[in-house]
Structures are given as C-alpha cells and as structure tokens.
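Here's the structure, in structure tokens; my notes come after.
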Amino acid sequence: MVCIAWLGLWLGEDAVIRLFVTGLNRYLCVPVQASRLEVSALDQFPRLSVTLHDVTVHGSLPSDTVQLARARRLYCAFNVWDVVSGQYRIREITLTDARVHIRRNQQGVGNYHLLCPDTAATSPDDAPFRLALEGIRLERVAVVYEDASRQQRIALRAPDVQARVTIAGPLVIVKAAGATEVQTVRLGTDDYFQQKQLQLQATVAIDRARQQLAIQSSTIGIGPARYEVAGTIGYQAAPHLDLRCEATGADIQAVLALLPPRLTRAVAGYRSRGQVYFGGTVQGEWSEAHNPAVQVRFGCRNASFFHPKYQQAVEQVSLTGTFSNGAARSTRTTVLSLQNVHGQLAGRPFSGVLRLENFQNPQLTLTARANVDLSRAVRFFPVSAVQSAQGTAQVALQLNGPLRTIRTQPTARQASGQLTFQGVALRLRDFRQPFTGLTGELALRGSDVAFTGLRGRLGSSDFQAQGVLHNVTGWAASPGQPLRVQAAVVANLLDFNQLLYVYQPRKSPAAVSPRPASGGLHVPATLALSVQVQARQVRFRRLRGRQLRGTLRLQNQVFSSPGLTLLAAGGQVSVRGTVDARRASLLKASTVASCQQLPLDSLFYVFEDFGQQFLTARHLRGRLTATAESDTYFDAHLTPLTERLEAEVHATIHDGQLLNFEPLQRLSLVADRATLRHLRFAELHNSLYVQSRTVYIPQMDIRSNVRAASLIRVTGTHTFDQQLDYHVQIPLLPGLLPRAAARADGPGLRLAIQGTEDQFTVRYETGPDRPREPPVAAGTPLPASSAAPAPAPGTRPAERPSFELKKPVKKPAQPQVGEYFEF
C-alpha cells in the first residue's frame with residue numbers, strides 16, 4: 001500500500017502543484033517566487049506537503065523594493081484524506097530559516113497585505129483548493145517591524161513558535177506559544193526589551209471586518225515575572241488602544257528589563273527581594289495628533305534592594321507610586337508621584353515624598369529625611385568622586401518649584417534643608433590628602449549654603465570655619481557655573497607643603513596625554529574665594545611662621561591679597577599682590593613684600609641661602625627692614641623660573657655683622673685677620689635689582705669697625721650661576737688723614753673680587769675710577785644734575801650699561817629705623 005501511495009503521489013505530483021499554484025494565486029495579492037516546488041509525504045509526516053524552496057515574498061506597497069520575506073523553505077501541509085477526496089485544504093503552514101521585514105511608510109501604509117480581501121469568506125466549501133489553517137509554525141525566523149511615521153522598530157527572533165489558527169469568515173483566531181528572543185523594541189531613540197528571552201502564551205482574535213485585534217488571556221514571561229496582557233487594538237484608521245497589564249512575581253531586574261539603558265545605566269546591577277508590583281492601562285488613539293491615556297500604578301512592600309558587588313542592601317522598603325500623562329495626554333500634564341517612601345540602610349531609617357509634574361517644564365515637590373551611615377551609603381551607591389567615606393550624617397531636604405529654577409537660582413522657599421555630620425572622614429578622588437574629623441552643620445537656603453561650626457583636618461592641617469557658599473545648586477547642577485565662597489577660617493596649623501599640592505584633578509580619558517601631568521597648583525576655574533585667614537602656625541619647607549593674618553581672594557584662577565602678615569624668622573613679614581594660576585604649568589606671582597627687624601641669618605636660613613653658597617646664613621648677623629617688589633614665575637613643580645625673575649629691593653640693615661667671610665680674609669693689608677673675621681658695620685642703606693638671572697648691587701658705602709677701612713665703597717653683580725664681579729674701594733689711611741680729607745671720593749685702594757663661589761680672585765684695579773651705575777628704567781632721561789658731560793673731541797663716549805630694568809623710575813622712600821612699610 002505504501003508503494004502504491006508513493007506511486008500515485010509521484011504520478012499526480014504535477015497536477016497537485018498546478019492546483020496548488022492556481023489556488024494560492026487566488027488568495028495572494030503579492031508575487032511569490034520559489035526556486036522549485038515539490039510534493040513530499042515525509043517533510044510534514046503524517047501529512048502531505050507542498051514544499052517551496054528559496055521562497056521570496058514581495059511587499060504589498062507598489063514602489064517598495066524591500067522584500068517582505070525570504071525563507072529557505074515553506075511547507076504547506078494537507079491531510080491525506082483531503083487529497084484522496086480531491087479537496088486540497090491547507091491545514092498547516094511551516095516557515096523555516098526565514099527573515100520577515102514588515103514595514104509601514106510615512107503615510108502609515110503597510111507592506112504586509114498579502115491576502116486578497118474576503119477570499120476566505122467567499123470561497124465555496126466545495127472548492128478544490130482553499131485555506132483551512134489549523135496551525136502555523138515558525139522555526140528560526142527573524143522578524144523586523146518598522147514604522148517610519150512613528151519612529152518605531154521591533155526586532156525579534158522565534159526559534160520555535162507554534163500557533164493554532166481558526167478562520168471563521170472574517171474572524172481569525174490565533175493561539176500561539178513558544179520562546180521568543182526580543183532583540184530590541186525601539187520607540188523614538190530609546191531601546192526597550194534589549195536582548196531579552198520571552199516565554200509567550202497568547203490568544204489573539206483578528207476581526208478583519210471591523211479591523212480590530214483582541215488580546216485574550218495572554219501571558220508574557222520575562223525571567224520570574226509574568227505579565228498578564230488583555231485588551232483590544234483597533235486599526236481601522238489610526239490605532240485605538242484599550243489595553244490592560246498586570247505584573248506578578250516581578251522584581252527590580254524584571255522592571256528594569258522593560259526600560260531603555262539611558263534610564264537604567266546607573267542602577268542596572270542592583271537586585272531586589274520582596275514584593276514589587278505594577279500594573280496599568282493604555283486607552284485612546286495613538287497617532288501623530290493624539291496620544292493614548294496612560295495610567296500606571298507601582299510599588300513595593302517590605303522589599304530589599306542590593307548590589308551583589310558591594311554587599312550592601314537597603315531593607316524594609318515600602319512605597320506606592322503612580323504615573324499618568326494627564327488629561328491632555330502629553331508631557332505637559334504628566335505626573336509622577338511617590339508616596340509613603342520608607343526604608344532602612346544599615347539599620348538607619350529614611351523617608352520621603354516625591355511628586356514631579358509637567359515633564360515639559362518639570363515642577364518638583366520633594367521632602368526627604370535620612371539618618372545616614374556614610375560608609376554604608378557609599379558602598380550601596382558608589383560616587384566616582386568619593387573613594388571612601390566614614391561617619392554619620394542627618395539630612396533634611398525640601399524642594400518645591402520649577403526644576404529648572406531649583407537647579408539654577410532657587411529662592412529660600414523653593415529650596416531649604418539641613419545637613420549635620422559628625423566624625424566624617426572623606427578620601428576624594430582629586431585630593432591627595434584626606435579630610436578627617438569633619439564635624440559641622442550646613443544649612444541650604446535657596447541657592448546658598450551657610451556652614452557654621454565646621455571643623456576638621458585636611459592632611460596635617462586643621463581648620464575651623466564659618467561662612468557661606470553662594471550658588472551651590474547652580475554649580476552642582478550645571479558645569480561651568482561659578483561657586484563663590486565667603487568664609488572666615490581659623491587654624492592651629494597650615495602645612496603648605498601639602499596644601500599647595502593637595503588638589504590634583506584627574507584628566508578625562510579623552511584628554512589623557514602621553515605624558516601624565518604631575519604637580520602644579522591646580523585651581524578650579526569656577527571657584528571664587530574671599531577668605532579671612534588666621535593661623536597660629538604656618539609651615540613651608542624651612543619656614544616656620546606664626547600668627548598668619550589677612551585676607552585671601554580668588555577670582556578667575558587668580559589669587560590676590562590686600563595684605564597678609566606673618567611672624568617668621570624672628571621678625572614680621574607683610575605681603576600683598578597676586579598669583580596668576582590660570583596655567584598650572586606656569587604661575588606668575590606679582591608681589592610687594594616688606595619685613596621689619598628681620599634677623600639676617602634667619603632670613604637666609606629660611607630661604608635656603610637663596611640658592612647660593614657664597615654668602616650664607618652663617619656669615620651674616622643683623623636686623624633687616626626692607627621692601628621688595630617682584631615678578632616671579634614658577635613651573636609645574638613650583639620651582640622658580642629664575643630667568644624670568646625681576647625684582648627691586650630697598651633694604652636697611654641695622655647692627656650688621658659679617659662673620660668669617662672668606663673674601664675679607666684676603667684684605668689683611670688693611671686690618672688683621674681676627675678683626676676681619678668679625679666685621680661690624682653701621683646702619684646700611686641700599687637698593688638691589690634682579691633681572692636676567694643677575695643681582696645688581698649699586699654703589700654703597702659701608703662704615704665698619706675696622707679703623708684702617710672704616711669707610712668701604714662696594715658695587716658689583718652676582719649671577720644666579722654664581723659668577724662674581726664685585727668692586728671694592730677703600731680710602732687710603734683714613735685714620736691718619738683729617739676727617740675732611742678721609743672722604744670716600746678721596747684717594748683709595750681699589751680691589752676687584754671676581755670668579756665663582758668656589759674659586760675667586762682678589763686683585764688690585766688700576767685705571768680711571770669709574771664707579772658702576774645701578775640699572776635704570778629703559779628710556780628714562782637722567783636728571784640735569786647727574787647728566788654726563790659731553791665727550792671731548794676725539795674721545796670715545798662712555799658705554800651705557802648692558803642691562804635695563806623695566807621698573808618705574810620713582811622709587812619708594814627708604815625705611816627709617818623702627819619704621820614699617822605699608823603700601
């Protein structure tokens with residue numbers, strides 16, 4: 001019998017294929033192409049099937065060049081008894097290894113209208129070929145749906161989905177079940193359901209006459225969650241939705257799986273336990289002109305949320321929430337509400353209420369209270385700028401008003417709150433030293449934060465501060481907004497060895513250079529300061545100062561001070577000026593400094609002998625009263641760039657002494673070595689000039705305790721490379737000549753000290769006495785009383801100095817004994 005059946009099938013194959021093609025063309029409105037057709041009793045056993053190989057189905061749009069479907073095989077199965085009776089009824093269709101591309105153009109017309117209208121209803125029951133579908137099976141089928149008018153795209157893959165189809169006139173009932181892999185559901189620019197495995201059990205009734213799709217008792221499973229979906233979709237014109245959804249067995253992972261990555265990226269790794277629920281309805285027309293009404297309710301009861309990596313959980317969380325797009329069904333009337341929010345983090349409670357209205361111009365109402373253990377909070381929700389935190393804090397916050405205003409310039413009624421913290425230790429990403437022992441209170445009033453009783457330590461420096469931070473909300477919410485600080489700071493110790501290098505911001509990955517930046521004074525461009533400072537002790541390298549007082553300002557990365565005073569090195573120092581820190585690798589300090597009764601040996605010790613070993617702290621004694629105006633440049637390591645240094649110093653030395661100064665030991669012809677080892681001189685006035693790595697010493701008169709050299713005239717230069725060029729003039733026999741004759745401009749012995757610190761020579765000078773002139777400002781005419789006489793005919797004019805200082809001609813008055821310079 002099998003052989004007879006096979007023989008009959010082989011003999012009648014051409015007739016069956018002709019009948020199949022004729023009948024299929026009557027049902028289809030689009031062209032279908034196949035490489036070959038064959039009749040098989042094994043492909044869909046126990047049914048017979050007509051198998052189409054390499055099938056191509058074109059879309060129904062006239063100008064559409066995109067194929068609706070491509071499939072490796074399409075099986076159309078018949079019952080054996082139908083074939084025997086001559087009634088060819090297609091009972092089941094199986095599609096394998098296919099890709100289906102469903103599209104709607106900008107006008108909303110689709111390419112999926114395959115069947116001719118009412119063919120199923122008008123076909124007579126005794127027709128030799130007709131559709132009588134009982135099932136559809138999809139094996140390894142990829143489906144893409146695109147709607148250009150609504151900017152929607154759905155991509156999914158069906159490894160094995162089976163469906164039973166019942167056709168009763170215009171009514172088509174489909175019952176489908178199986179696993180489906182959703183690659184993406186894109187609405188606008190957001191992707192939902194990305195790479196999610198779904199278990200589908202759905203019953204859908206399609207009324208082609210009324211153009212309505214009814215979803216009955218359908219369940220979509222995503223992980224442990226089950227979503228019950230029911231309702232209708234009318235598609236006669238614009239889609240009209242009436243859908244309901246309820247979730248059971250959901251958790252935070254299942255909820256987050258429904259949302260696009262931009263909304264879940266920050267919390268994607270978190271997990272939940274306990275009851276998390278939500279449900280909602282979608283009703284109304286969905287078109288370019290209208291949106292359906294969306295109502296969603298959600299919440300949790302006694303739930304816990306945790307992150308597996310951080311081993312920290314928020315427990316006993318309860319809340320109720322609602323979402324609605326309002327009466328106008330637009331972002332303008334959308335409302336998100338969270339009520340009765342309660343929970344615990346590490347046994348410390350928190351609570352709050354949130355309401356967000358008008359997503360077009362959001363209006364925020366927030367009330368929050370929390371008792372926080374900072375170490376647990378940072379572990380539960382890490383902040384990139386905070387590496388570690390310890391301590392406790394109590395937070396109370398109220399916000400009420402337009403979100404845009406709250407983020408920029410809120411009033412005290414729109415933003416208020418209080419933060420109290422105790423024993424807080426913070427290690428921040430961009431700070432080399434940690435904050436420890438922080439205790440204080442912050443009060444939010446509008447956009448400003450007032451802090452009182454704030455004390456703590458930054459590295460080895462301590463501080464107590466009170467003041468106001470202006471524009472905190474704008475600075476925190478919008479990059480580039482300024483933060484202005486007005487404060488009074490009192491400290492026991494300020495260690496500038498740490499403070500000058502404490503802020504070292506990391507570069508973003510896009511801005512990383514091959515050579516990482518190190519050191520430098522990095523100042524935030526958005527920070528502005530006005531701080532009154534008092535410090536009992538100050539440290540910087542060898543400096544040990546006391547009683548620092550003054551005002552420090554910062555604006556546009558430029559520090560300035562009208563005056564800072566400090567007791568250091570046994571005297572008092574006052575400084576005013578600016579430090580330009582706009583370039584961390586090149587700082588410029590323009591200062592005017594003055595000191596009063598400052599011991600010379602202490603000054604040289606603190607400043608490390610100014611980088612030279614010729615005249616050091618062990619050689620000098622005396623008290624210095626001076627003023628110095630300078631422009632100093634520093635590199636990224638805060639090392640002075642000496643080639644750019646310019647300075648003008650006016651100094652007075654009282655009770656000066658020069659001890660064991662080697663060049664004086666070579667002047668034994670004027671006094672014995674014991675006397676020269678301890679040279680004392682009277683009050684000394686002079687001005688020094690620094691430029692081009694050279695210190696210029698104008699001519700000065702020194703009256704010493706050496707009777708044979710009681711009046712000494714000295715002038716010269718000393719370079720930063722330790723090249724010496726000093727000229728000394730000693731009057732001859734000042735003790736033997738009358739006082740009127742023992743003048744500095746009388747006959748004298750002239751000596752030159754030249755060479756380096758380690759190797760120098762002292763020699764006699766011969767030739768005309770031409771004292772060196774101090775540098776003057778470029779282009780400044782000499783006064784008439786000091787104008788040089790015109791050179792005689794045939795003589796060579798005197799050369800101008802090879803250096804010129806860019807300093808004003810007018811010099812400040814020399815300080816008198818006991819006076820203190822104040823500018």
Side-chain angles (χ1 to χ4, degrees), residues 28-35 52-75 93-115 136-163 165 172 174 176-202 204 206 211 213 215 218 220-222 227 229 233 235 238-239 241 243 257-262 282 286-288:
L28 296 179
C29 297
V30 296
V32 177
Q33 299 174 346
S35 62
L52 287 74
H53 295 268
D54 301 326
V55 181
T56 301
V57 180
H58 295 275
S60 58
L61 295 176
S63 60
D64 196 358
T65 59
V66 178
Q67 297 169 346
L68 175 63
R70 292 179 62 90
R72 187 174 181 181
R73 292 185 182 88
L74 174 64
Y75 303 98
I93 293 177
T94 300
L95 188 64
T96 64
D97 299 321
R99 177 177 176 84
V100 179
H101 195 165
I102 303 173
R103 297 174 62 250
R104 287 169 60 93
N105 60 17
Q106 290 286 355
Q107 291 73 35
V109 181
N111 69 338
Y112 45 81
H113 300 287
L114 305 182
L115 301 179
I136 297 175
R137 183 168 184 173
L138 305 179
E139 297 179 351
R140 302 177 298 280
V141 177
V143 180
V144 176
Y145 170 80
E146 291 182 341
D147 190 333
S149 61
R150 298 188 180 92
Q151 295 183 344
Q152 299 172 6
R153 185 178 187 273
I154 300 174
L156 56 88
R157 181 176 176 83
D160 189 2
V161 176
Q162 297 183 0
V165 180
V172 179
V174 180
T180 303
E181 177 186 348
V182 178
Q183 296 174 346
T184 185
V185 176
R186 181 174 298 168
L187 304 178
T189 58
D190 292 327
D191 290 312
Y192 299 78
F193 287 89
Q194 275 194 309
Q195 305 299 326
K196 296 296 182 292
Q197 300 290 335
L198 275 64
Q199 292 293 331
L200 179 66
Q201 291 184 349
V204 178
I206 304 174
Q211 294 188 345
L213 182 148
I215 303 174
S218 299
I220 301 175
I222 304 177
Y227 303 94
V229 181
I233 302 175
Y235 58 90
L241 310 179
L243 299 175
L258 306 178
L259 302 176
R262 72 177 180 88
V282 180
W286 188 14
S287 64
E288 294 183 358

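Since the structure is predicted, the reported quantities are computational estimates derived from the model, not experimental observations.
Considering CD1 of Ile154 and OH of Tyr145, their distance stands at 7.0 Å, rounded to 0.5 Å. Considering CD of Glu146 and CZ of Arg186, their distance stands at 9.0 Å, rounded to 0.5 Å. Taking CD1 of Ile93 as the reference point, atom CG of Leu74 lies at 6.5 Å (rounded to 0.5 Å). Distance check: Asp191 CG to Arg153 CZ gives 9.0 Å after rounding to the nearest 0.5 Å. In this structure, CD in Gln183 is found 7.5 Å from CG in Leu156, a value given to the nearest 0.5 Å. Note: Ile102 CD1 to Leu68 CG = 6.5 Å, rounded to the nearest 0.5 Å.
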### Task
Mind running side chain to side chain contact (heavy atoms under 4.5 Å, CB included) on His101 and Arg70 for me, showing each step along the way?
CA-CA 9 Å; His101 195 165; Arg70 292 179 62 90; over 6 Å; no

### Task
Could you walk me through whether Leu200 and Ile220 pass side chain to side chain contact (heavy atoms under 4.5 Å, CB included), step by step?
CA-CA 5 Å; Leu200 179 66; Ile220 301 175; 4.2 Å; yes

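Between Pro159 and Thr180, the shortest heavy-atom distance links the atoms CD-CA, 4.3 Å. Contact between Val229 and Ile215 at its shortest, heavy atoms only, is O-CG2, 3.7 Å. In this structure, Val161 and Ala179 approach most closely via the heavy-atom pair CG2-O, 3.5 Å.
Using a 4.5 Å heavy-atom cutoff, the side chains of Arg140 and Thr96 are in contact. Between Arg99 and Val144 there is a side-chain heavy-atom pair separated by less than 4.5 Å.
Environment of CZ in Arg72: sparse, with no more than 12 heavy atoms of neighbouring residues, nucleotides or ligands closer than 6.0 Å. Heavy atoms of other residues, nucleotides or ligands lying less than 6.0 angstrom from CD of Glu181 number more than 12.
A donor-acceptor pair is defined here as one N or O able to donate and one able to accept, closer than 3.5 Å; such a pair exists between the side chain of Ser35 and the backbone of His53.
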